[in-house]
Amino acid sequence: MECTLCGACCVAPDIAALDKPLGLRCPHLLPDNLCAIYEQRPSICRDYQADEVCRLIEAPTLDERVHKYLALFELTEEARAVKEQGCPSMKRARQAARERAGAPGGERPDKAP
């Protein structure tokens with residue numbers, strides 16, 4: 001499948017290489033949904049290939065595509081929480097999630113003492 005340049009892959013998923021949280025627009029995504037650092041983008045972005053997910057989330061607007069992506073992977077609530085926190089960093093978003101889960105000192109809840 002050929003990429004439609006819709007921008008959903010630059011908004012919906014988290015992108016660790018760019019420290020971009022789930023559901024938030026990549027800071028390098030331009031208003032026309034093209035990448036400002038296309039030639040220098042990280043390998044995770046270079047390696048991405050349009051696939052069946054792109055077809056499943058087709059919609060008239062970027063917001064609708066992102067909503068469908070998050071719903072498809074059952075990430076809507078997690079993305080909402082990240083957005084409400086106004087968290088610009090994936091690292092900070094994960095830390096806040098651990099704190100909300102009640103992990104002392106920001107440790108992972110499943111981590112043994």
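Heavy-atom basis, side chains included; hydrogens, waters and symmetry copies ignored. One-based numbering along the sequence shown.
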Pairwise distance [atom1]([X]) to [atom2]([Y]) - rounded to 0.5 angstrom:
X: Asn33; Y: Cys9; atom1: CG; atom2: SG; value: 9.5 Å
X: Asp19; Y: Asp14; atom1: CG; atom2: CG; value: 10.0 Å
X: Leu18; Y: Cys26; atom1: CG; atom2: SG; value: 5.0 Å
X: Asp51; Y: Cys3; atom1: CG; atom2: SG; value: 10.5 Å

N/O donor-acceptor pair under 3.5 Å between [X] side chain and [Y] backbone:
X: Lys20; Y: Val11; value: yes
X: Arg55; Y: Ala50; value: no
X: Arg25; Y: Ala12; value: no
X: Arg65; Y: Cys6; value: yes
X: Arg46; Y: Ser43; value: no

Would you find more than 12 non-hydrogen atoms of other residues, nucleotides or ligands less than 6.0 Å from [X] atom [atom1]?
X: Leu56; atom1: CG; result: yes
X: Glu2; atom1: CD; result: no
X: His67; atom1: NE2; result: no
X: Phe73; atom1: CZ; result: yes

State, with a plain yes or no, whether a side-chain heavy atom of [X] is found less than 4.5 Å away from one of [Y].
X: Cys54; Y: Thr4; value: no
X: Arg80; Y: Glu77; value: yes
X: Cys45; Y: Ile37; value: no

Query raised in the report: Looking at Cys10 and Ile15, what are the two nearest heavy atoms and their distance?
Result: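 Looks like CA-CD1, 4.5 Å.
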Query raised in the report: Taking all non-hydrogen atoms of both residues, which atom of Ile57 and which atom of Ala8 are closest, and how far apart?
Result: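 Of all heavy-atom pairs spanning Ile57 and Ala8, the closest is CD1-CB, 3.8 Å.
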Query - Verdict with supporting geometry, Glu64 and Lys68, salt bridge (Lys or Arg N to Asp or Glu O under 4.0 Å) - result: CA-CA 6 Å; Glu64 289 174 285; Lys68 288 174 84 171; over 6 Å; no
Query raised in the report: Who pairs with Glu74 by side-chain hydrogen bond (donor to acceptor under 3.5 Å, both in side chains), at least two apart in sequence or on another chain?
Result: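 Testing Glu74 for side-chain hydrogen bond (donor to acceptor under 3.5 Å, both in side chains), a comparison that skips the adjacent residues, returns none.
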Is there a continuous path of hydrophobic side-chain contacts, each under 4.5 Å between heavy atoms, that joins [X] to [Y]?
X: Leu70; Y: Leu29; value: yes
X: Leu72; Y: Leu22; value: yes
X: Leu75; Y: Leu62; value: yes

